[in-house]
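Heads up: the structure comes next, in structure tokens.
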Amino acid sequence: MIEKFKKECQASKLGFYSFQLGIVLLASAFSISIIFFIISIILGLVDYFKEKKYESLDLPIIVCFFLIPIICLAQNISPYLKSLDINPNLTWIGLLNWLPFFICFLSFKQYLKTSKRREITAKFLIIGTFPVLISGFGQYLFNWYGPIETFNGLIIWFQKPLENEGLTGLFSNQNYAGAWFNVVFPFCIASFITYTENNLKKNISLIFSVAISISILLTFSRNAWGGLIFSLPFLLGPTSLLWIVPCLLFAFLNIYLASSDLENTTLQSIARFIVPKDIWSEFNYEFSGRETRLSIWTTALKQLYNYPLIGYGAGSFSIIYLQLKGVYAGHAHNLLLEFAISFGLPISLFLFTFILVIIFISFKKLLDNNSFKKNASKSSLFERAWWTSFLIIFISNLFDVVIYDGRLGLIFWILFTGLTQSAKSQEDYEINF
């Protein structure tokens with residue numbers, strides 16, 4: 001019996017170490033990190049099925065895992081979808097954006113089931129962000145352009161020129177880079193607050209926090225800016241609203257005046273003097289030259305109204321939008337709408353209701369544990385940062401589907417898995433690593 005327990009602990013350790021190595025390499029060496037994640041997934045699934053660690057919170061994910069392929073089959077035999085000239089193979093390929101992550105949810109639970117393990121994961125995420133900062137500042141300050149490839153294309157850092165967009169670093173666009181920084185920023189703040197006795201670690205956390213804040217601004221991503229602003233009250237506590245709200249109102253008023261078509265040119269001139277053009281032009285179609293979110297969402301809702309039960313298939317929205325508008329839009333720029341267009345409104349509401357319930361339950365637990373008090377414990381601060389980090393990436397996906405980047409997709413589901421575990425009391429099952 002003792003030998004069996006030791007073997008299981010060794011397997012859990014190997015899976016945990018592989019998981020953390022995957023976290024560190026996720027941003028900078030995605031292809032290599034996948035190898036470590038696969039090891040941790042296999043070991044996690046073996047443990048999951050061997051120990052029969054089934055939980056009620058697994059049920060919604062398991063239902064989606066089996067229901068989505070059935071929906072895809074229905075789409076392939078639907079005469080209506082065939083009339084739209086949509087490639088039926090796309091919906092099967094689109095399963096790769098969801099089914100593997102549902103498996104990750106079931107497997108990664110044991111690596112995230114305690115606050116200590118989630119704290120360790122958060123710190124490894126910070127470490128793994130160092131190459132993103134180096135590549136981003138190198139791109140912005142020293143014109144490091146790419147793509148930079150190593151190992152025969154196994155690792156690619158995009159490093160785009162900055163003429164047409166903001167800082168991207170090793171990501172393919174600024175929204176993805178901004179989303180990554182938004183995820184890591186709360187953990188940097190938590191580290192800075194908790195390192196009270198180690199000045200070196202505290203200063204390093206401060207440097208990371210400042211560097212990430214500057215990087216978010218330099219992405220010129222509206223999603224990233226909104227995520228940074230929205231996260232501050234949750235990170236700094238409710239009392240911070242006393243100065244955050246007036247600052248936000250002042251900033252929003254000036255951005256509105258600068259980006260709108262006003263008859264009072266004096267007010268607009270003052271606002272444009274206060275707000276840099278790179279910022280206010282992002283909110284003006286004439287200057288940004290991009291399709292507005294409102295146009296994309298309206299089209300998605302109209303099409304969903306016509307065929308709500310099983311959707312149109314994964315990857316179909318870009319084809320539909322091009323046919324209707326003559327303009328390419330890669331996706332619906334809203335994760336709930338994108339999932340509904342791909343697989344139908346009922347399953348979309350089912351999945352996202354589950355996610356919202358977990359967000360609410362875990363937030364209530366933070367309140368019950370006094371995590372927003374000034375004297376909150378170290379673990380409570382990281383739990384608050386974890387909740388904030390997931391909330392920000394979830395909201396980001398309501399305006400741009402950033403999880404279609406594989407790295408951000410993994411981060412989304414890792415954070416959500418950890419959030420489901422934080423909603424429960426599992427500290428009794430801790431194994432010291």
Side-chain angles (χ1 to χ4, degrees), residues 3-27 29-66 68-69 95-125 127-128 183 187 351 354-355 358 362 382-383 386 389-390 393 403 406-433:
E3 291 298 323
K4 179 182 177 182
F5 177 75
K6 287 182 178 180
K7 288 180 180 179
E8 289 173 354
C9 286
Q10 291 299 322
S12 297
K13 282 185 178 181
L14 178 59
F16 184 77
Y17 294 148
S18 297
F19 176 72
Q20 299 302 339
L21 279 171
I23 290 289
V24 171
L25 298 172
L26 181 56
F30 181 54
S31 300
I32 297 176
S33 73
I34 288 297
I35 298 173
F36 292 106
F37 278 125
I38 289 174
I39 294 172
S40 64
I41 288 170
I42 293 172
L43 293 174
L45 287 177
V46 169
D47 183 64
Y48 180 81
F49 289 112
K50 188 176 181 180
E51 298 299 316
K52 298 181 179 179
K53 298 180 178 180
Y54 314 130
E55 299 169 340
S56 58
L57 289 179
D58 299 342
L59 186 59
I61 299 300
I62 294 173
V63 168
C64 290
F65 181 86
F66 287 104
I68 288 177
L95 293 180
L96 296 176
N97 288 319
W98 299 98
L99 297 190
F101 295 118
F102 293 160
I103 295 173
C104 289
F105 175 87
L106 299 176
S107 176
F108 289 163
K109 290 196 308 177
Q110 67 163 324
Y111 311 130
L112 299 166
K113 65 184 179 183
T114 66
S115 59
K116 182 62 177 178
R117 297 186 193 186
R118 293 190 288 273
E119 180 185 335
I120 292 171
T121 301
K123 291 178 178 178
F124 276 119
L125 267 176
I127 294 171
V183 165
F187 299 130
L351 177 61
F354 171 58
I355 292 175
I358 293 299
S362 53
F382 272 97
E383 290 295 275
W386 191 283
S389 183
F390 177 76
I393 194 172
I403 66 168
R407 292 165 290 189
L408 292 169
L410 269 168
I411 285 297
F412 180 93
W413 285 99
I414 287 170
L415 290 173
F416 180 63
T417 303
L419 204 64
T420 61
Q421 300 307 295
S422 71
K424 304 179 298 182
S425 298
Q426 297 244 0
E427 304 299 327
D428 295 337
Y429 298 97
E430 172 67 356
I431 297 176
N432 294 318
F433 290 117

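Starting from 1, each residue takes its place in the sequence as its number. Source: prediction; values computed, not measured. The figures here come from the full heavy-atom set of this structure, side chains too, leaving out hydrogens, waters and symmetry mates.
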Sequence neighbours excluded, the answer for ring-ring contact (aromatic ring centres under 6.0 Å, His included) partners of Phe65 is none
Note: Ser362 and Ser422 closest approach over all heavy atoms is CB-OG, 4.0 Å
Between Val183 and Ser389 the two heavy atoms that sit nearest each other are O-OG, 2.8 Å
Margin query: Ring centres under 6.0 Å, that's the criterion: do Trp413 and Phe102 meet it?
Written below: yes
Whether Trp386 side chain and Leu415 backbone form a donor-acceptor pair below 3.5 Å
yes
inquiry  = Between Arg407 (side chain only) and Leu26 (backbone N and O only), is there a donor and an acceptor less than 3.5 Å apart?
reply    = no
Please examine the side chains of Ile41 and Cys104, heavy atoms only from C-beta on, and report whether any two atoms are closer than 4.5 Å. yes
Query raised in the report: Is the shortest heavy-atom distance from the side chain of Lys109 to the side chain of Asp58 under 4.5 Å?
Result: yes
Output for pair (Gln421 CD, Glu55 CD), nearest 0.5 Å, gives 5.5 Å
Quiz prompt | Test of ring centre spacing under 6.0 Å for Phe390 and Phe412 | solution = yes
Closest non-hydrogen contact found for Leu112 with Arg118 is O-NH1, 2.7 Å
In terms of heavy-atom contacts, Leu408 and Ile393 come closest through O-CD1, 4.0 Å
Partner of Leu25 under side chain to side chain contact (heavy atoms under 4.5 Å, CB included), picked from Phe30, Phe124, Phe36, Phe37, is Phe36
Do Ile411 and Leu125 have side chains that approach each other closer than 4.5 Å (heavy atoms only, starting at C-beta)? yes
Ile358 side chain near Leu57 side chain, heavy-atom distance below 4.5 Å:
yes
Heavy-atom check, side chain of Ile23 versus side chain of Ile127, under 4.5 Å: no
### Message
Set out, in order, the CA-CA distance, both residues' side-chain angles and the distance that settles side-chain contact (heavy atoms from CB on, under 4.5 Å) for Tyr48 and Ser107, then state yes or no.
### Response
CA-CA 7 Å; Tyr48 180 81; Ser107 176; over 6 Å; no
On a heavy-atom basis, the closest approach of Gly409 and Phe101 is C-CE2, 3.6 Å
- Query: Do the side chains of Ile39 and Phe19 get nearer than 4.5 Å, heavy atoms only?
  - Reply: no
Residues at least two apart in sequence or cross-chain that pass side-chain contact (heavy atoms from CB on, under 4.5 Å) with Leu59, listed by chain then number, are Val63
With a 4.5 Å cut-off on side-chain heavy atoms, are Phe16 and Ile120 touching?
yes
Assess whether side-chain contact (heavy atoms from CB on, under 4.5 Å) is satisfied between Leu410 and Ile403, documenting all intermediate values. CA-CA 8 Å; Leu410 269 168; Ile403 66 168; over 6 Å; no
Exercise. With distance as the sole test, does Asp47 use its side chain to make a donor-acceptor pair with the main-chain N or O of Gly44 at under 3.5 Å?
Worked result: no
Checklist entry - Side chains of Glu119 and Phe187: does their closest heavy-atom pair fall under 4.5 Å? => result no
Output for pair (Thr121 OG1, Lys116 NZ), nearest 0.5 Å, gives 11.0 Å
Quick note, salt bridge (Lys or Arg N to Asp or Glu O under 4.0 Å) partners involving residues 408-422, not counting sequence neighbours, are none
Closest heavy-atom pair, Tyr111 versus Ser40, reported as atoms and distance to 0.1 Å, is OH-O, 2.6 Å
